Amino acid sequence: MDNKYLSWEEIKSIYPNGWVSIIEPETIEGEGLKRGIVIAYNQDNKKLCKKTKKLIQNGLQFKRMTFVYTGEIPYIVGLSKLEIHNVQN
C-alpha cells in the first residue's frame, strides 16, 4: 500500500468487492467517505482485521481509521431472504 490518498471511486476500482482498512478518512456529511489512505485489503473481513492489527502492533500511527466494504451488498445484513421479500413488497 502506498500511503497516498485515494478517492472513494479509486478505492472501489482498485480494491473491488472486498474490505479495506482506511486511515485518515475524509468524509462529506450526508454523503460518506470522500477519500483516505488504504493500509490493508482482503475479501475476508476477519483476515483484514488481523492484518490491520499487525500493522498497528508494528507501530502504524494514525488519528482516524475506518473499515469499509467496496462492493454492493445485495441484501439487508441480518435479514433472511423471506424477510427481505416482505420488506420490499
Side-chain angles (χ1 to χ4, degrees):
M1 309 290 148
D2 277 348
N3 281 350
K4 72 175 187 173
Y5 277 91
L6 298 173
S7 71
W8 175 235
E9 293 304 319
E10 290 172 315
I11 293 168
K12 290 190 302 183
S13 175
I14 296 168
Y15 307 102
N17 302 312
W19 291 92
V20 289
S21 295
I22 299 174
I23 58 171
E24 313 309 347
E26 293 181 8
T27 58
I28 299 173
E29 190 169 333
E31 293 182 28
L33 183 67
K34 178 183 174 187
R35 68 184 200 141
I37 300 169
V38 176
I39 59 165
Y41 165 77
N42 203 297
Q43 301 260 324
D44 182 313
N45 65 341
K46 289 181 183 179
K47 290 179 182 177
L48 176 78
C49 288
K50 286 181 183 179
K51 185 173 184 176
T52 302
K53 182 178 178 181
K54 191 173 276 190
L55 290 169
I56 293 168
Q57 289 171 337
N58 288 335
L60 178 68
Q61 304 263 327
F62 57 91
K63 291 181 183 176
R64 296 178 58 210
M65 177 191 289
T66 190
F67 298 93
V68 183
Y69 184 70
T70 60
E72 296 292 322
I73 299 176
Y75 56 88
I76 300 170
V77 176
L79 296 180
S80 69
K81 288 184 181 181
L82 178 59
E83 289 170 318
I84 291 169
H85 177 75
N86 290 335
V87 168
Q88 291 174 344
N89 292 326

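Only this structure's heavy atoms are used, side chains among them; waters, hydrogens and symmetry mates stay out. Just so you know, residue 1 is the first one in the sequence shown, and it goes up from there. This structure is a prediction, so every number in the text was calculated from the model and none was measured.
For the pair Leu48/Phe67, a side-chain contact is recorded, criterion being any heavy-atom separation below 4.5 Å from C-beta on. For the pair Phe62/Ile39, no side-chain contact is recorded, criterion being any heavy-atom separation below 4.5 Å from C-beta on. Looking at heavy atoms from C-beta onward, Lys50 lies out of side-chain contact with Asn42 at the 4.5 angstrom threshold.
A donor-acceptor distance shorter than 3.5 angstrom exists from the side chain of Thr70 to the backbone of Asn17, with no hydrogens or angles considered. At distances below 3.5 Å, at least one donor-acceptor pair connects side-chain atoms of Arg64 with backbone N or O atoms of Pro25.
A distance of 11.5 Å separates OG in Ser7 from CD in Glu26, rounded to the nearest 0.5 Å. Taken from CG in Leu60 to OG in Ser21, the straight-line distance is 9.5 Å, to the nearest 0.5 Å. Rounding to the nearest 0.5 Å places CE of Met65 at 11.0 Å from CD1 of Ile37. To the nearest 0.5 Å, the span separating CD on Gln57 from OG1 on Thr52 amounts to 11.0 Å. To the nearest 0.5 Å, the span separating OH on Tyr5 from CD on Glu10 amounts to 13.5 Å.
Contact between Gly36 and Ile22 at its shortest, heavy atoms only, is CA-CG2, 3.6 Å. Smallest separation of non-hydrogen atoms from Glu24 and Lys63: OE2-N, 2.7 Å. Between Leu6 and Tyr15, the shortest heavy-atom contact is CD1-CE1, 4.2 Å. Considering all non-hydrogen atoms of both residues, Trp8 and Leu33 come closest at CE3-CD2, 3.3 Å.
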Between Ile14 and Tyr41, does the side chain to side chain contact (heavy atoms under 4.5 Å, CB included) criterion hold? Intermediate values first, please.
CA-CA 10 Å; Ile14 296 168; Tyr41 165 77; over 6 Å; no
